Trainee: 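My questions will all concern the structure given below.
Only a predicted model underlies this, so the values are computations on that prediction, with no experimental measurement involved. Chain letters run A, B, ... following the sequence lines, proteins first, then strands; residues in each count from 1.
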Number of protein chains: 2
Amino acid sequence: MAQEPDPVAKKSRAPSMHDVARLAGVSHQTVSRVINDLPNIREETKQRVLDSMEQLQYRPNRAARALVTSRSRTIGILTASRTNYGPAASIQAIEDAANAASYSVTTASISGYESTAIVRAIDRLLDQAIEGLVVIAPQRRVFDTLAGMSLRLPIVTLQSTAADDDMSLSVDQILGARLATRHLIELGHRSIYHLAGPQDWIEAEARMTGFLDEMSAQDMPTTAPILGDWTAEFGYFAGRELLRMRDFTAIFAANDQMALGLMHAIRDGGLEVPGDVSIVGFDDIPDAAHFWPPLTTVRQDFAELGRRCMALLLGGLESGEEYSGSILPTLIARGSSAAPSTR
Amino acid sequence: MAQEPDPVAKKSRAPSMHDVARLAGVSHQTVSRVINDLPNIREETKQRVLDSMEQLQYRPNRAARALVTSRSRTIGILTASRTNYGPAASIQAIEDAANAASYSVTTASISGYESTAIVRAIDRLLDQAIEGLVVIAPQRRVFDTLAGMSLRLPIVTLQSTAADDDMSLSVDQILGARLATRHLIELGHRSIYHLAGPQDWIEAEARMTGFLDEMSAQDMPTTAPILGDWTAEFGYFAGRELLRMRDFTAIFAANDQMALGLMHAIRDGGLEVPGDVSIVGFDDIPDAAHFWPPLTTVRQDFAELGRRCMALLLGGLESGEEYSGSILPTLIARGSSAAPSTR
DNA sequence: TCACCGTTTGTGAACGTGAACAACGATGAG
DNA sequence: CTCATCGTTGTTCACGTTCACAAACGGTGA
């Protein structure tokens, strides 16, 4: 409304270091020293500068600093589908860790399915002169595109097992999938399906590998996994399809959403979970405990992932240390899995 | 200067405008003109410059540009709980719209409950010299803090009805709540509870207001709403508590997660949804259609919200136009609501 | 031939900060 | 008394870009 902050200052320009210096009666360099907490400043001078900064509501100009130091203090996050719980939780954790190290974060999400969309997203981040890159929930194509660009910055990929040459950090997806599968086998199931994620996703691939590994380790016959798209919607339709041949007693879904859709379909088909079919998911999203029935699933500690991710990135210069990070997932058994009744 | 154009450029510095200019045989200013697409450049010159840029893999230095123009082309998003679907979807939409207008986005999430956390988050954004601010899912305290700081930049608040003097844009939460409530009343319910969001949230308040408005408009007796925290976990405990006095046939929950928890509790208590109790949620998160039973809820178009938000922000200078934005929510009736059987 | 014009291009100065170096005063040793 | 030293502060430059202005160029009409 009233656009009259103060009658005098017609200067809309924000106060600069020089303004502070003038007010404090020192040179701008002294102000700079105070800001960056350099030694050899008389306490009294320092205080005077701090007072002036306070009085003028001074804020360092990030752009000027970035220009002269050629450091942006920004890290980029490349992600697909940030509305899903997993990626969102990871982003949150990374942002917190980055802020703690006085870095800031920008995200670019890959919109659409064309591979130009990947390049565009990376370009957006590069335009920001990011100093490090975190790739969340990468698809194979993203990974390939990235490798082809040969960027000169530290890259950490999350939730990937394909640690070729980049730094990589992940919850051990294969182990998680094995835990889920073993759980079903130990309950007595002999015919188990796997509803996997999209083919392109490294994460999905790892879970599928874990499933197949465990099945063959226990000498179980395996059927070809069904490739889904992470959504509950797909889980529902896949479930309806599967019900036409009732040759299974359990399904391991690659994430909780698809598991939810499956359970819906199974009930719609007149069967019960876990009475007729056991279901296990993956992720342990906060809602999973309140699905009906509460979902047995594999928990990933996303927050821990984000923290370690930043640690890895910030330590990227003194590399070599603590390189291979892997966080162990845990199985959370709830009501959606039980021994098969048809035995 | 004896600057040999040495073939083994040890200079790790990124190429600048001058490098491009030298290669193209023009002045840096001409390069600048090409980049910014200014008129009055000979086509041939332009092409030569573009070729040089390509050859050197030149990228404009964002910091330098920001410094001289004093425009950061960055907008900030202030949010709490970005792992929830609603905020996440809004952020996504805003980011897309911002990118389309060649702005970039930084987020700051309010971590913790102390009010200093709010100030810290805002400070982080201000340090980035944001040109505009979007506040998502604001709590009353955030709103107050913001007002107290009297920032000199356009602010858009999302999902708020408290449009005092700031620009504000929202899905009409009151209307949404009225739709949900009316739906239950029309089904024949007479005793309806409301499980509200946290007291501090403007959004929660609006939904509560809508509920109370509709109830009194239809001459229904109202009970005091229960204040929750948006989580399924809380919904579950509230549900168990409510079951001890069975004086209701329907509950309107302020979001889908709490509705999920409620349904869980009700089933745990030996009752059925919607047979014994009807449930209505709010948001229409993607999973809601696959809850058991599928959840009747109120849909908000988050993507549209994000788009309009950016339009409002970018048009902030030529203000006055199309000021009051309100997007209409719609009721999605599914299986969790039905006529009361106890009549 | 010259003055004038529009188009195209170049020159110099900012912007706000940090780094290198210089300068200053006080102190103490010789 | 001189000189080296140390702690503190100031001066100057560079970072890569845009902006304001000037200059060069070719064409046109008097």
Side-chain angles (χ1 to χ4, degrees), chain A residues 11-50 52-53 56-74 102 104 126-131, chain B residues 1 3 9 11-50 52-53 56-74 102 104 126-129 131:
Chain A
K11 238 184 157 180
S12 69
R13 186 165 283 292
S16 78
M17 221 172 221
H18 287 94
D19 299 323
V20 176
R22 198 176 316 126
L23 182 60
V26 296
S27 73
H28 81 275
Q29 178 60 6
T30 301
V31 177
S32 171
R33 277 188 267 256
V34 171
I35 290 173
N36 296 319
D37 213 28
L38 296 182
N40 296 339
I41 298 211
R42 200 151 28 118
E43 192 53 40
E44 183 212 316
T45 313
K46 183 172 181 174
Q47 203 45 247
R48 220 167 53 229
V49 169
L50 288 174
S52 305
M53 282 170 48
L56 291 179
Q57 295 242 51
Y58 168 74
R59 265 174 204 286
N61 183 316
R62 195 185 175 81
R65 178 179 293 175
L67 179 59
V68 70
T69 59
S70 55
R71 311 245 295 119
S72 64
R73 294 200 78 79
T74 298
S102 63
S104 63
L126 258 33
D127 279 342
Q128 309 242 17
I130 56 170
E131 294 182 25
Chain B
M1 48 193 73
Q3 277 292 60
K11 245 182 154 179
S12 71
R13 186 164 282 294
S16 78
M17 221 171 220
H18 288 92
D19 299 322
V20 176
R22 196 175 318 124
L23 182 60
V26 296
S27 74
H28 74 277
Q29 177 59 7
T30 301
V31 177
S32 172
R33 275 188 269 255
V34 171
I35 291 172
N36 296 319
D37 214 29
L38 296 183
N40 295 339
I41 298 213
R42 203 153 25 120
E43 192 54 39
E44 182 212 318
T45 312
K46 182 170 181 174
Q47 204 45 248
R48 219 167 54 228
V49 170
L50 288 174
S52 304
M53 282 171 47
L56 293 179
Q57 294 242 51
Y58 169 74
R59 267 174 203 286
N61 183 315
R62 197 185 174 81
R65 179 179 292 176
L67 178 59
V68 70
T69 59
S70 55
R71 310 245 295 119
S72 63
R73 293 200 79 79
T74 298
S102 63
S104 62
L126 257 33
D127 279 343
Q128 310 242 16
E131 293 182 26

Trainee: Tell whether A:His18 reaches the base of C:dT17 with its side chain through a donor-acceptor pair below 3.5 angstrom.
Mentor: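 Checked by distance alone, the answer is no.
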Trainee: Side chain of B:Arg42 only, please: which of D:dC15, D:dT11, C:dT9 is the nearest?
Mentor: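 Taking heavy atoms from C-beta onward, the closest nucleotide is C:dT9.
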Trainee: Reading DNA chain D from 5' onward, which residue's closest nucleotide shows up sooner: A:Ser27 or B:Pro15?
Mentor: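 The residue whose closest nucleotide sits nearer the 5' end is A:Ser27.
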Trainee: Give the rounded distance in Å between these two atoms: CD of B:Glu43 and P of C:dT7.
Mentor: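 My rounded result for the distance is 16 Å.
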Trainee: Rounded to the nearest Å, what distance is computed from the CG atom of residue A:Asn61 to the P atom of nucleotide D:dG16?
Mentor: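 Going from CG in A:Asn61 over to P in D:dG16 covers 16 Å.
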Trainee: Provide, to the nearest angstrom, the distance between the CE atom belonging to A:Met53 and the P atom belonging to C:dG16.
Mentor: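 That distance rounds to 16 Å.
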Trainee: I need the CZ-C1' distance between B:Arg65 and C:dG16, as an integer number of Å.
Mentor: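 B:Arg65 atom CZ is separated from C:dG16 atom C1' by 18 Å.
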Trainee: Need the bend value for the helix from C:dT1-D:dA30 to C:dG30-D:dC1: angle between end axes, 5 pairs each end, nearest 10°.
Mentor: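 For the helix from C:dT1-D:dA30 to C:dG30-D:dC1, the axes at either end differ by 70°.
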Trainee: Measure the distance from CZ on A:Arg13 to P on C:dT17 and round it to the nearest whole Å.
Mentor: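 For the pair A:Arg13 CZ and C:dT17 P, the rounded distance is 11 Å.
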Trainee: Among B:Asn40, B:Asn36, B:Ile41, which residue meets the side-chain contact (heavy atoms from CB on, under 4.5 Å) test with B:Leu38?
Mentor: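 Among B:Asn40, B:Asn36, B:Ile41, the one that satisfies the side-chain contact (heavy atoms from CB on, under 4.5 Å) with B:Leu38 is B:Asn36.
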Trainee: Which nucleotide in the list C:dT8, D:dG7, C:dT17 gets nearest to the side chain of A:Ser16?
Mentor: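 It is C:dT17.
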Trainee: Of the non-hydrogen atoms in B:Ala64 and A:Leu67, which two are nearest, and what is the gap between them?
Mentor: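 Looking at all heavy atoms of both residues, the closest pair is CB-CD1, 3.7 Å.
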Trainee: Taking the nucleotide of DNA chain C with the closest heavy atom to each, which residue, B:Val26 or B:Ala64, is nearer the 5' end?
Mentor: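 The 5'-side residue here is B:Val26.
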Trainee: Nearest heavy-atom pair of B:Ala14 and B:Asp19: which atoms, and what distance?
Mentor: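 Minimum heavy-atom contact is O-OD2, 4.2 Å.
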Trainee: Nearest of C:dT17, C:dG16, C:dG18 to any side-chain atom of A:Thr69?
Mentor: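 For the A:Thr69 side chain, the nearest candidate turns out to be C:dG18.
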Trainee: Does a side-chain N or O of B:Asn40 approach OP1 or OP2 of C:dT7 to a distance below 4.0 Å, or not?
Mentor: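 No, B:Asn40 has no side-chain N/O under 4.0 Å of OP1/OP2 on C:dT7.
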Trainee: Show the nearest heavy-atom pair for residues A:Ser104 and B:Gln128, with the distance to one decimal.
Mentor: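 For A:Ser104 and B:Gln128, the tightest heavy-atom pair comes out as CB-NE2, 2.8 Å.
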Trainee: Ignoring the backbone of B:Met17, work out which of D:dT18, C:dG18, D:dT8 is nearest its side chain.
Mentor: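 Of all the options, the side chain of B:Met17 is nearest to D:dT18.
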Trainee: Hey, can you pull the residues of residues 29-38 of chain B with a non-hydrogen atom under 4.0 angstrom from DNA chain C?
Mentor: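 Per residue number, the list reads B:Gln29, B:Thr30, B:Arg33.
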Trainee: Separation of A:Arg22 atom CZ from C:dT17 atom P, in whole Å?
Mentor: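 After rounding, the reported distance stands at 12 Å.
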Trainee: Within the structure shown, what part of the strands sits under 4.0 Å from B:Pro60 by heavy-atom distance: base, sugar-phosphate, or nothing?
Mentor: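 Result for B:Pro60 = sugar-phosphate.
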Trainee: Only one of B:Arg22, B:Met17, B:His18 forms a side-chain contact (heavy atoms from CB on, under 4.5 Å) with B:Val31, so which one is it?
Mentor: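 Single pass found, and it is B:Met17.
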Trainee: Between C:dT9, C:dG18, C:dA13, which nucleotide gets closest to the side-chain atoms of B:Ile41?
Mentor: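 When the side chain of B:Ile41 is considered, C:dT9 is the closest of C:dT9, C:dG18, C:dA13.
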Trainee: Please examine the side chains of B:Arg65 and B:Asn61, heavy atoms only from C-beta on, and report whether any two atoms are closer than 4.5 Å.
Mentor: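 Heavy-atom side-chain distance check fails, nothing below 4.5 Å.
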Trainee: Could you tell me which non-hydrogen atom of B:Ala24 sits nearest to which non-hydrogen atom of B:Ser52, and how far apart they are?
Mentor: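 Answer, listing the atom of B:Ala24 first, then B:Ser52: CB-OG, 3.3 Å.
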Trainee: Identify the two heavy atoms, one from B:Leu56 and one from B:Pro15, that lie closest to each other, and give their separation to 0.1 Å.
Mentor: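 Answer, listing the atom of B:Leu56 first, then B:Pro15: O-CG, 3.4 Å.
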Trainee: Considering only NZ, NE, NH1 and NH2 on the basic side and carboxylate oxygens on the acidic side, decide whether A:Asp127 and B:Arg62 come within less than 4.0 Å.
Mentor: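 B:Arg62 and A:Asp127: not salt-bridged.
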Trainee: Among B:Lys46, B:Gln47, B:Arg48, whose side chain to side chain donor-acceptor pair (under 3.5 Å) with B:Glu44 holds?
Mentor: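 Between B:Glu44 and the candidates, side chain to side chain donor-acceptor pair (under 3.5 Å) is satisfied uniquely by B:Arg48.
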Trainee: Return the nearest nucleotide to the side chain of B:Val68; candidates are C:dA14, D:dT9, C:dG10.
Mentor: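 Output: C:dA14.
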Trainee: Whole angstrom is fine here: how far is it from NZ in B:Lys46 over to C1' in C:dT7?
Mentor: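 To the nearest whole Å, that distance equals 15 Å.
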Trainee: Would you indicate what A:Ser70 reaches in the nucleic acid, counting non-hydrogen atoms under 4.0 angstrom: base, sugar-phosphate, or nothing?
Mentor: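 A:Ser70: no heavy atom of the nucleic acid under 4.0 Å.
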Trainee: Given atom CZ of B:Arg71 and atom C1' of D:dT18, what is their separation to the nearest angstrom?
Mentor: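 Taking CZ of B:Arg71 and C1' of D:dT18, I get 13 Å after rounding.
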